[in-house]
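By convention in this document, chain letters (A, B, ...) are assigned in the order of the sequence lines, proteins followed by strands, and residues within each chain are numbered from 1. Computed from heavy atoms alone, side chains included, the values below leave out hydrogens, waters and symmetry copies.
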Amino acid sequence: MAKKNKRFRVKASSHDAVVGEMPGSVTISKDALKPIIEIYSYNQAEVKEDKGTNISVVLDQMKACDQHTHWILIKGLGDQDLIEAIGSKLEINSLVLEDIVHTRQRPKFDEYDKYVFMTSRLLHYHKEEAIEDYQLSILVKENIVISFQETHEEYFEGVKKRLAAGKGFIRTAGPGYLAYALTDTVIDRYFDLLNKVGDSLDLLEDRLYQNPDRSIMYESQQLKRGMILLRRAVWPERDKINDMIRTESPLLTQTDKLYLRDAYDHCIQVIDLIESYKEVTASILDMYLSIISNRMNEIMKVLTIISSIFIPLTFIAGIYGMNFARLDPVTNKVMPDNLPELYQPHGYIYTLIVMLIIAVIQFVFFWRKGWFNKM
Amino acid sequence: MAKKNKRFRVKASSHDAVVGEMPGSVTISKDALKPIIEIYSYNQAEVKEDKGTNISVVLDQMKACDQHTHWILIKGLGDQDLIEAIGSKLEINSLVLEDIVHTRQRPKFDEYDKYVFMTSRLLHYHKEEAIEDYQLSILVKENIVISFQETHEEYFEGVKKRLAAGKGFIRTAGPGYLAYALTDTVIDRYFDLLNKVGDSLDLLEDRLYQNPDRSIMYESQQLKRGMILLRRAVWPERDKINDMIRTESPLLTQTDKLYLRDAYDHCIQVIDLIESYKEVTASILDMYLSIISNRMNEIMKVLTIISSIFIPLTFIAGIYGMNFARLDPVTNKVMPDNLPELYQPHGYIYTLIVMLIIAVIQFVFFWRKGWFNKM
Amino acid sequence: MAKKNKRFRVKASSHDAVVGEMPGSVTISKDALKPIIEIYSYNQAEVKEDKGTNISVVLDQMKACDQHTHWILIKGLGDQDLIEAIGSKLEINSLVLEDIVHTRQRPKFDEYDKYVFMTSRLLHYHKEEAIEDYQLSILVKENIVISFQETHEEYFEGVKKRLAAGKGFIRTAGPGYLAYALTDTVIDRYFDLLNKVGDSLDLLEDRLYQNPDRSIMYESQQLKRGMILLRRAVWPERDKINDMIRTESPLLTQTDKLYLRDAYDHCIQVIDLIESYKEVTASILDMYLSIISNRMNEIMKVLTIISSIFIPLTFIAGIYGMNFARLDPVTNKVMPDNLPELYQPHGYIYTLIVMLIIAVIQFVFFWRKGWFNKM
Amino acid sequence: MAKKNKRFRVKASSHDAVVGEMPGSVTISKDALKPIIEIYSYNQAEVKEDKGTNISVVLDQMKACDQHTHWILIKGLGDQDLIEAIGSKLEINSLVLEDIVHTRQRPKFDEYDKYVFMTSRLLHYHKEEAIEDYQLSILVKENIVISFQETHEEYFEGVKKRLAAGKGFIRTAGPGYLAYALTDTVIDRYFDLLNKVGDSLDLLEDRLYQNPDRSIMYESQQLKRGMILLRRAVWPERDKINDMIRTESPLLTQTDKLYLRDAYDHCIQVIDLIESYKEVTASILDMYLSIISNRMNEIMKVLTIISSIFIPLTFIAGIYGMNFARLDPVTNKVMPDNLPELYQPHGYIYTLIVMLIIAVIQFVFFWRKGWFNKM
Amino acid sequence: MAKKNKRFRVKASSHDAVVGEMPGSVTISKDALKPIIEIYSYNQAEVKEDKGTNISVVLDQMKACDQHTHWILIKGLGDQDLIEAIGSKLEINSLVLEDIVHTRQRPKFDEYDKYVFMTSRLLHYHKEEAIEDYQLSILVKENIVISFQETHEEYFEGVKKRLAAGKGFIRTAGPGYLAYALTDTVIDRYFDLLNKVGDSLDLLEDRLYQNPDRSIMYESQQLKRGMILLRRAVWPERDKINDMIRTESPLLTQTDKLYLRDAYDHCIQVIDLIESYKEVTASILDMYLSIISNRMNEIMKVLTIISSIFIPLTFIAGIYGMNFARLDPVTNKVMPDNLPELYQPHGYIYTLIVMLIIAVIQFVFFWRKGWFNKM
């Protein structure tokens with residue numbers, strides 16, 4: 001169980017800067033992975049793929065071939081020089097660079113003179129048992145989109161395929177649409193996660209009705225924790241997309257905004273679902289607690305019925321187990337006739353009958369109180 | 001019970017698109033039913049009904065006879081060609097087509113240059129034991145209203161009758177009013193559902209007072225689940241209608257908006273009722289839990305009264321059941337006079353009297369504590 | 001109890017129209033009472049009272065005597081012809097007529113070109129044991145105020161008296177002020193109801209401290225139900241009055257609005273009180289549950305103290321009640337000296353002393369644990 | 001206890017008017033105290049104090065000496081003529097007069113052409129055991145401030161001292177500042193009350209950790225009740241002060257508003273504190289309930305340990321207390337050798353040892369279950 | 001435990017002024033520490049540090065050397081003359097001076113003609129076991145920043161180092177940026193605190209799964225208390241920073257506001273985290289309560305199983321321990337054959353077998369009820 005409760009830890013270190021550190025400084029965590037760089041340069045006619053080239057060269061080349069849109073996909077942030085090179089080549093504010101490497105930002109959309117910057121939370125299951133929470137930063141400038149992600153994992157296969165296939169107008173639609181496509185992929189993953197949460201809730205509920213045990217409690221709490229994470233990601237994501245829709249930056253066209261409105265609707269759906277699931281989780285908890293109480297009642301009823309019937313009977317047996325006697329003054333013998341019932345003919349039978357009557361009366365009493373019904 | 005808890009499942013798959021799928025693609029689920037098409041062309045004078053015609057033909061014809069309003073009722077969405085044909089004939093944005101076939105949209109109102117699009121949630125009981133949740137999409141353009149629904153079920157009999165009878169100004173009021181009439185029918189169904197929920201709550205409450213058992217818990221949770229579904233449908237429905245009232249699209253006239261204000265009031269009433277029912281459900285839960293606790297108290301009181309009275313008495317009986325004795329040094333016989341009370345004349349009677357006194361004292365003690373009152 | 005829980009039923013049928021019925025149709029429920037009509041025509045100088053006249057005649061006459069303000073009080077809605085006659089004579093929109101006869105409207109204020117329309121909820125105790133919830137509709141046009149109520153009950157005695165006495169400027173202030181005066185009477189009744197709720201809560205609380213029993217739970221739930229009803233009436237009432245204050249209709253003068261602001265304050269007070277009472281009710285429930293738990297503790301302590309003291313003693317008595325013995329090989333007699341304590345001189349006394357010591361130790365143990373204190 | 005629960009009664013009669021009474025009528029409650037009147041006329045140079053003069057005279061005089069600001073302090077409202085005289089002399093709307101004497105108004109700020117009117121709630125402890133809730137009404141007109149309070153109690157000693165001492169610019173700052181100073185005193189009293197509530201909560205919490213008993217429950221509910229009262233006073237007070245800051249009435253100067261902003265901050269602080277205390281109260285309740293449950297566990301553990309150990313042992317003793325025997329067919333004597341263990345040499349010792357082993361095993365079982373730890 | 005619950009006391013005395021005291025008076029608490037003064041005068045080229053100089057001299061000098069920005073760091077507020085000297089030299093409103101010394105202000109930003117004033121809450125752990133809550137006031141005027149703090153503690157080491165090192169543009173950025181840097185340091189400390197709270201919650205949760213005891217309850221309440229403090233600090237802090245961003249005061253430049261937007265984001269993150277931790281705390285409480293209930297069930301099951309098995313068996317043993325007998329009329333001897341089973345050959349064995357069967361049946365009954373499973 002100890003392992004399980006590590007699952008959805010809500011991290012406090014949302015702001016991993018050192019206290020008093022200079023704002024705008026690009027200090028990269030030591031655990032950050034070495035970056036893998038992929039570059040996709042495309043226009044309506046073609047897609048050129050380029051892996052592992054020196055990025056400075058690429059950034060210089062870009063200015064030459066303005067007809068292409070360039071998507072630079074950076075997986076892993078563990079190279080301060082790279083980040084700073086991009087910063088100086090593209091003239092990016094140092095606060096933006098800081099936000100790229102301090103990977104606990106809230107989703108947000110920041111608009112600058114010549115570029116826009118946005119972050120999202122990438123949530124996904126790790127080995128089916130833990131939710132991991134990484135940052136995706138997207139920088140959009142003229143004909144360049146740079147996406148920064150913390151891990152080497154492949155998130156954007158779908159986008160790459162559409163680029164390669166030339167389906168839809170992704171190849172003609174410019175950098176704003178690409179930024180939308182990446183963001184939309186992130187939100188689709190939230191639905192993915194929610195589907196898993198929903199399935200888990202269904203399973204929990206089935207177990208609740210059939211075979212409730214303590215782990216239901218633990219697991220529903222885990223799911224709740226997961227939903228807290230998800231909510232912290234999606235609420236600001238919604239606001240971010242709203243900011244993107246309302247921006248006047250020329251980097252996002254009217255068509256892009258039409259699609260963003262669709263993404264906005266999806267965010268609202270995610271939020272709706274989280275709220276619904278929260279209520280479902282709460283009602284599972286209520287059910288579980290009432291089931292515990294009911295079990296207690298069941299247990300107590302068994303104890304009470306058996307004790308109430310047999311304790312008085314045992315007392316009666318105790319009465320006739322007493323040794324009251326009389327010392328016969330003549331024979332100096334013990335004469336047990338001081339407890340006269342013992343010498344009644346059929347006294348034993350009568351006593352058993354009395355005991356039976358008492359037991360039956362109690363039984364009827366409990367029956368009429370409905371204690372033999374399921375509660 | 002396992003069956004019952006399937007009733008009002010809150011579905012996670014509100015967004016059933018494949019992750020990374022291209023936005024705006026019309027991918028129809030394999031389970032989608034084959035469409036049945038009904039066309040009603042009407043003006044003040046007449047209503048022409050047309051079933052099963054090829055829709056392309058119809059759409060071409062429409063342009064010819066501008067005096068009529070055409071209502072195309074499409075039941076079942078399982079025909080990609082049909083949807084795409086409508087899309088291309090009427091010049092509908094592919095995002096709208098996607099929303100029509102991805103049937104887990106939130107109710108919304110989208111306004112385009114030449115048409116408006118809206119969705120609602122159709123909720124209804126399935127065989128009196130499950131709430132089903134389908135999508136109704138309505139597309140309004142010039143003199144055409146197309147309604148898309150997932151099932152073959154007949155929802156709009158009332159509207160058809162009014163069309164046929166020519167009652168009210170439905171025949172003269174144009175496509176906006178027809179869209180209103182369809183939406184109003186959807187909201188009327190919510191009242192229907194709420195009436196059933198209300199009746200179930202009344203029944204539950206009666207059972208709570210008369211014969212509370214565990215199923216009350218389960219069923220109130222089911223009703224709560226149903227209300228979550230309903231709330232998720234009606235809140236955005238209200239916003240949608242508000243958007244319709246505030247739109248400047250010429251497709252919705254001032255008169256239509258007067259009626260929409262009425263529908264808006266009905267949405268508010270539904271929301272009010274849901275909130276009230278939620279509180280009623282919560283109070284049923286509170287009552288149930290307090291009843292369980294009270295039962296526990298009842299059970300414990302029975303156990304405590306009987307145990308407290310008889311355990312000490314049994315101890316006393318045990319005392320006089322002990323075999324303390326004296327070996328007579330002379331006769332080498334066992335002389336039981338080491339436990340002198342046993343040989344008191346009337347010792348037995350005295351003991352019984354003492355026992356009775358103890359029992360009476362305890363009885364009075366419990367009586368004065370009020371344990372024989374109902375709590 | 002079954003009777004009591006019928007008290008404050010929250011009705012689902014807020015919208016009693018048939019599903020699919022044409023909006024704007026005046027379909028009157030069969031249970032509706034036959035209308036009683038009273039007409040008060042007044043100006044500064046005089047008040048003319050007129051009962052039971054044919055209303056069409058009256059409406060025609062009105063146009064003749066413009067100097068008077070006419071208040072038509074219609075008690076009971078069971079006459080479709082009457083409603084429709086008023087509708088056609090005064091040129092009222094059919095949606096308004098529908099709202100008058102479908103008597104589950106939320107309080108609202110609707111403004112039309114030549115008239116305004118408003119509804120309120122009339123709540124009152126029925127035979128001191130049930131809250132009834134009726135609709136009051138008020139139609140204001142030029143110099144006419146028509147009030148529609150569902151029952152024959154007399155609600156507006158105070159207004160009539162002030163009209164008759166000519167106190168205040170009611171006779172000079174026009175139809176808007178009359179509409180205000182009727183609305184104010186409705187809100188005064190809410191205070192009345194709240195006073196009763198408050199008194200009931202006080203009584204409940206006193207019983208909670210003195211003699212808590214299960215009915216407290218039931219009754220507090222009933223009061224909660226009553227407050228749900230009241231809240232559903234007064235929140236929209238507040239919005240309605242706010243709409244009246246902000247309207248630009250000439251039917252409501254600046255002076256009327258000054259008085260409406262006063263009514264608005266009263267609505268806020270009612271809302272404040274309901275919220276306060278809700279918290280009081282919640283705390284009564286908390287108290288009750290903790291009292292149940294405390295009682296359980298009391299009961300368990302009694303059981304535990306008595307069992308813990310007497311069960312070990314009974315065991316000791318049982319030990320010395322055992323029949324261990326030795327068959328004397330010589331005499332072939334049963335020699336009970338195999339349980340040697342039994343033949344200790346004073347063994348019985350010693351045993352009793354040991355028992356007493358054990359009991360005292362336990363007693364002290366429980367005492368020091370504070371089990372004899374009230375918890 | 002019955003006395004205590006009278007403490008912070010939330011009064012329902014916030015609106016003590018008779019149902020149907022004419023709005024704007026000055027009907028004074030019979031319990032109202034006879035008014036005591038104090039008049040302070042001050043300018044930069046001097047303060048004239050005047051007690052018990054006929055107020056009409058004063059109001060006439062005022063017009064003569066315009067250089068002074070006049071503060072008329074009316075303690076007790078039981079003189080209808082006085083109120084009406086003020087109303088007619090100063091030309092006050094009858095709704096304002098009604099609000100002065102119906103002393104259950106919500107705090108509010110009403111602006112009229114030539115004067116402004118405001119009310120506050122005066123809360124204070126009565127004999128350290130009940131919170132009393134009175135109304136303070138302040139009427140500001142030109143150079144006159146009239147404060148109306150229900151009781152004879154002295155609330156404004158501080159203001160009077162500052163007036164007398166001429167400290168600050170109270171003597172030069174005009175009637176708006178005086179109104180502010182009175183209001184500020186009222187808010188300072190809320191802090192006073194909150195300090196007492198805070199101290200009580202601290203005490204309750206200490207008792208909770210050291211010696212929890214039932215009264216904690218009662219007293220925390222009382223504090224909660226007190227906070228409900230306070231919240232009902234301070235929320236509208238905040239709105240009122242905000243209205244005062246935003247008013248364009250010349251009676252409140254820019255400097256006055258600077259000070260009012262300070263008072264506004266204080267209101268927010270009071271609200272913050274109430275919310276914090278509410279959470280503290282809720283957590284005290286949670287703690288108390290968990291302590292009750294823990295106690296129950298403790299009690300049940302004692303019972304279970306003792307019963308589980310001794311009941312089986314008593315059974316064993318019972319076994320060997322049975323009288324199974326054999327009638328020797330030869331001697332016709334009772335031969336008890338039918339229960340052979342009884343005649344084992346050392347049978348008694350063996351039995352005791354078995355009993356000890358059983359007890360030890362159970363003891364170890366309970367030990368390992370952690371039942372001897374504090375939970 | 002008594003010590004621990006002193007930890008995070010929510011102080012009521014947020015407003016420590018005497019009731020009725022004149023607003024705007026600078027009354028310093030007797031406990032206030034003697035001030036330590038540090039002055040940093042810097043421009044792009046140099047930083048001059050000056051400790052302990054007479055502040056009047058400094059303030060006079062400042063006007064001479066306008067090229068420098070002066071940061072006056074005042075640690076300890078226990079010198080009324082100092083505060084008043086600053087007030088008169090810099091022409092500060094007395095309400096501001098009052099806010100500096102009454103150190104329970106809510107965070108706020110006040111804008112005056114020639115200066116701006118802001119307060120924050122400095123929260124930090126005291127000896128790892130209590131949260132202390134002090135005020136930081138910052139006054140910004142032209143080229144002067146004065147920070148007032150209650151304690152002698154060193155909070156701004158980081159800022160000083162950056163000043164000394166000349167890193168970033170802190171030396172060129174003017175007084176607004178310095179005010180930002182101080183505020184940012186305060187917010188960084190909130191993250192610090194939250195990290196500690198988060199770690200404590202993790203520890204609590206681990207203990208909850210492994211070894212739940214009563215202290216979990218206490219400690220989670222303490223953490224909740226800490227979060228109340230934190231929330232009361234950070235919510236108004238957010239509003240304050242928002243006010244700073246929207247101000248039109250020339251003392252805050254566009255660049256400053258860019259950085260303030262960053263600080264604003266951090267505030268939102270802190271708020272998000274607090275809300276998440278609140279939910280985590282609530283779920284720990286839920287878990288704990290369900291664990292208590294489960295334990296109770298465990299305890300009751302043990303009691304019930306053992307009692308239910310042995311009480312009936314003891315009764316049977318009691319039956320055969322009765323002394324029913326017959327007085328033989330001939331020999332006048334006690335003939336025990338009145339209880340015939342006792343003389344059955346193998347009666348004892350049969351009885352034991354019956355007892356065993358009863359025990360086994362009960363065991364199976366409990367087994368099938370699942371009482372031996374963990375719940």
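When the candidates Leu285(D), Leu289(D), Leu352(D), Thr351(D) are compared by the number of heavy-atom contacts under 4.5 Å with chain C, Thr351(D) comes out ahead.
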Derivation of the side chain to side chain contact (heavy atoms under 4.5 Å, CB included) call for Arg225(D) and Glu205(C) | CA-CA 12 Å; Arg225(D) 210 62 61 81; Glu205(C) 218 178 351; 2.6 Å; yes
What's the verdict on side chain to side chain donor-acceptor pair (under 3.5 Å) for Ser283(D) and Asp286(D), showing C-alpha distance, side-chain angles and the deciding distance?
-> CA-CA 5 Å; Ser283(D) 85; Asp286(D) 282 345; over 6 Å; no
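Contacts between Phe156(C) and chain D at a heavy-atom distance below 4.5 Å are absent for every atom of the residue. Both the backbone and the side chain of Ile299(D) come within contact range of chain C, judged by heavy atoms closer than 4.5 Å.
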Under 3.5 Å, sequence neighbours excluded: what are the donor-acceptor pairs made by side chains of residues 302-322 of chain D?
{"residue": "Thr304(D)", "atom": "OG1", "partner": "Met300(D)", "partner atom": "O", "Å": "2.7"}
{"residue": "Ser307(D)", "atom": "OG", "partner": "Leu303(D)", "partner atom": "O", "Å": "2.8"}
{"residue": "Ser308(D)", "atom": "OG", "partner": "Thr304(D)", "partner atom": "O", "Å": "2.6"}
{"residue": "Thr314(D)", "atom": "OG1", "partner": "Phe310(D)", "partner atom": "O", "Å": "2.7"}
{"residue": "Tyr320(D)", "atom": "OH", "partner": "Glu341(D)", "partner atom": "OE2", "Å": "3.4"}

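With sequence neighbours excluded, no residue forms a ring-ring contact (aromatic ring centres under 6.0 Å, His included) with Phe365(C).
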